[in-house]
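Heads up: the structure comes next, in C-alpha cells.
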Amino acid sequence: MAETKYWLFKSEPSAYSFDDLLNEPEQTAEWDGVRNYQARNFMRDDMRVGDRVLFYHSSAKPTAVVGTARIVREAYPDATAWDPGDKHYDPKSSPGETVWMVVEIRGERRLPNPVTLAAVKANPKLKDMLLIRKGQRLSIQPVTREEYEEILAMGEL
DNA sequence: GCCAACGTTGGC
DNA sequence: GCCAACGTTGGC
C-alpha cells in the first residue's frame, strides 16, 4: 500500500472557503481551476485517495490553516479548462488533449483554533514549511507528516 | 492599494 | 535559447 502523503491547499475564502467545502453535498468538491504546472503535477502524479490535506485561507483575515480534508478521487481532466465562459478557460487544453487536472477533496474537520501564518512562522518546528518560504506562491504544496501533525496539534485549543 | 516574487509568453 | 514584458499571487 502506498504511503499516505500530506498536502496544503490554498484558497481565498472570498472565492471558496472551508465552509463552502463543508456545505457541499458529501462535503466533497472538485478542486478545479489550478493553472500551474507544478501544482498540477502534484495532483496528477502524487496524490492518492486517502492523502491528508490542510486547508489554508490565503488573502484572509487572518491567513490561516482552518481545517482538514482528504483526497477522495484521484486526478482526472479539468473540464473548466475548455469552457470559454469559465474564469480559468485555457485554449491550450481540450477534451482530446488535456492539460489541466483536478482531484476531489472531502472536507473533514474544522480546527478549533485556526493556525495562523504568524503562528506557523513563530514555531521553530515549522521553519522549513514551504508556506513560509519567501516568494512561495504554489497553491498546492507538499507537507511532511511531522508538519501536518504539528499543525493539527496547534489547531487544538 | 502596494509591490516583491514568480511563472509564462513571445519577439528576436 | 535568451530575456524583457506582462500577469498573477498573496502578504502586508
Side-chain angles (χ1 to χ4, degrees), chain A residues 5-24 29-47 51-71 74-105 107-144 146-155:
Chain A
K5 290 182 288 299
Y6 301 83
W7 307 97
L8 181 143
F9 281 36
K10 288 184 193 170
S11 186
E12 296 193 24
S14 60
Y16 193 85
S17 70
F18 190 63
D19 278 347
D20 291 334
L21 178 60
L22 293 184
N23 286 330
E24 300 277 5
E30 184 176 275
W31 205 251
D32 59 28
V34 172
R35 297 292 180 267
N36 171 282
Y37 287 101
Q38 208 178 340
R40 179 208 62 185
N41 292 349
F42 285 137
M43 291 198 288
R44 186 190 61 192
D45 303 334
D46 298 323
M47 287 186 196
D51 282 2
R52 314 260 184 163
V53 174
L54 297 171
F55 196 106
Y56 175 80
H57 279 169
S58 62
S59 299
K61 285 187 204 167
T63 56
V65 177
V66 294
T68 63
R70 292 248 200 165
I71 305 297
E74 292 172 16
Y76 59 98
D78 184 347
T80 68
W82 55 75
D83 173 1
D86 192 273
K87 186 182 170 201
H88 301 289
Y89 173 61
D90 182 353
K92 286 196 302 294
S93 197
S94 67
E97 210 166 337
T98 291
V99 178
W100 304 114
M101 311 283 281
V102 298
V103 294
E104 281 182 6
I105 63 171
E108 208 166 31
R109 180 164 178 267
R110 192 193 319 275
L111 294 179
N113 185 38
V115 179
T116 64
L117 184 62
V120 171
K121 286 178 176 169
N123 185 336
K125 291 183 189 166
L126 301 178
K127 67 179 170 44
D128 293 327
M129 278 191 81
L130 291 179
L131 183 65
I132 56 174
R133 186 170 299 176
K134 187 176 169 65
Q136 179 55 264
R137 302 179 309 167
L138 260 186
S139 64
I140 291 178
Q141 307 179 350
V143 170
T144 68
E146 290 73 21
E147 289 162 349
Y148 180 88
E149 291 186 345
E150 181 66 14
I151 296 273
L152 284 204
M154 294 166 76

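Just the heavy atoms: all of them, side chains too, but no hydrogens, waters or symmetry mates, feed the values below.
- In this structure, A/V34 and A/D78 approach most closely via the heavy-atom pair N-OD2, 4.2 Å.
- Within residues 113-125 of chain A, the residues that have a heavy atom under 4.0 Å from DNA chain C are, in order of number, A/L117, A/K121.
- Nearest heavy atoms, A/L22 versus A/E108: CD2-N, 4.3 Å.
- Annotation: proximity of residues 87-97 of chain A to DNA chain C (heavy atom, distance under 4.0 Å) is found for no residue.
- Between the side chains of A/R35 and A/S139, no donor N or O sits under 3.5 Å from an acceptor N or O.
- Across all their heavy atoms, A/M47 and A/I140 have their closest contact at CE-CG2, 3.5 Å.
- Counting 5' to 3', DNA chain C first comes under 4.0 angstrom of a heavy atom of chain A and last does so at the ends given by C/dG7 to C/dC12.
- Annotation for A/A69 and A/L21: closest pair CB-CD2, 4.4 Å, computed over non-hydrogen atoms.
- Legend: residues meeting side-chain hydrogen bond (donor to acceptor under 3.5 Å, both in side chains) with A/R52, ordered by chain and number and at least two apart, are absent.
- Of all heavy-atom pairs spanning A/F42 and A/L138, the tightest one is CE1-CD1, 3.8 Å.
- Scored by the side-chain hydrogen bond (donor to acceptor under 3.5 Å, both in side chains) test, A/R40 finds no partners at all (sequence neighbours excluded).
- Judged purely by distance below 3.5 Å, without hydrogens or angles, the side chains of A/E104 and A/Y76 pair a donor atom with an acceptor atom.
- Scored by the side-chain hydrogen bond (donor to acceptor under 3.5 Å, both in side chains) test, A/W31 finds no partners at all (sequence neighbours excluded).
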